[in-house]
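See below for the structure under consideration.
The structure displayed is predicted, hence computed values, not measured ones. Counting convention: from 1, in listed order, for ligands and their atoms alike.
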Amino acid sequence: MFLLTVHLLALGLAVVASPVQQVLSASPSNDQDQGWIDPRLNGGRFLDYTSRRFGEPLNVIISAHSDPYIMTDAGLHDYAKSIGFSEECLGLHYGHIHRADLGDGDGRKPELYLARQYYFPIWGTCWESLAGGNHFRAWKQNGTEANSGAWFLGASKEEHSGKRHKIVPNGYNLGRDWLVAKAIAGGRWKDMAWQAEVEWREDLLDSGKKGVNHGIPQDGRVAVLTVSRQ
Ligand SMILES: *[C@@H]1O[C@H](CO)[C@@H](O)[C@H](O)[C@H]1NC(C)=O
């Protein structure tokens with residue numbers, strides 16, 4: 001009996017200790033367990049469709065294991081504000097709407113939200129729109145074929161509008177890292193505070209510039225955030 005217990009304990013430890021990577025690369029249901037589903041399992045990809053040929057990296061995921069409030073539309077907007085983003089200037093939408101295929105059966109669906117870095121109160125996002133800066137687009141993985149509820153974000157840093165919102169050199173990596181740093185540091189909006197944990201994935205998106213909008217290379221790393229209410 002004692003031996004059996006030891007055996008079961010060892011087995012349990014082995015399961016717990018098995019590398020995360022191995023678990024993640026298994027079946028779609030395992031991916032669902034982690035709060036998002038790999039879009040590639042059902043025809044999607046980690047580049048959006050900026051145009052028919054080119055896309056920008058979906059380089060941040062907000063796992064559905066995060067605070068349920070930020071998985072809602074209103075909650076994402078509040079969360080974005082807590083880490084230094086705001087709504088678009090006066091509701092003006094620069095450039096055109098990007099689409100993304102999250103492998104959830106919805107095909108290439110339009111972004112739901114474009115958030116821009118908020119510089120300071122007087123100018124707000126209007127200032128950012130002129131000056132350039134960090135921004136992200138968001139899509140929700142909630143089609144019937146992969147209804148995880150996760151947010152997929154394309155974060156980047158762009159030049160000022162005089163340059164027609166071109167991404168700065170290294171702008172995809174920089175935009176992602178800026179957002180992730182803010183998320184880890186944590187922020188507050190109204191009476192709510194959040195802090196994120198990050199898991200870096202290097203097996204979802206090819207590094208380089210192939211198919212990437214503006215031909216700007218990116219390092220292929222995707223940050224998976226789990227955001228908790230403090
Ligand atoms: C998916 O989420 C978006 C944003 O919350 C919502 O507008 C849309 O109706 C949802 N789709 C489904 C099938 O529930």
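- Counting only N and O atoms by type, the side chains of Asp78 and Tyr69 include a donor and acceptor under 3.5 Å apart.
- Within the set Asn142, Asn147, Thr144, the minimum heavy-atom distance to atom 13 (C) of ligand 1 is found for Asn142.
- Residue Thr72 does not touch ligand 1, judged by heavy-atom distances below 4.0 Å.
- Ring geometry for Tyr79 against Trp194 counts as perpendicular: the plane angle is over 60°, on a 0 to 90° scale with 30° as the lower cut.
- Between the side chains of Glu56 and Asn213, at least one donor N or O lies within less than 3.5 Å of an accepting N or O.
- Within 4.0 Å of atom 2 (O) of ligand 1, at least one protein heavy atom is present.
- Here the heavy atom of the protein found nearest to atom 4 (C) of ligand 1 is Asp73 OD1, 3.1 Å.
- If you look at Phe85 and Trp178, their ring centroids are closer than 6.0 Å.
- Distances from atom 11 (N) of ligand 1 to the protein include at least one heavy-atom value under 4.0 Å.
- Closest non-hydrogen pair, Ala64 versus Ser148, comes out as CB-O, 3.1 Å.
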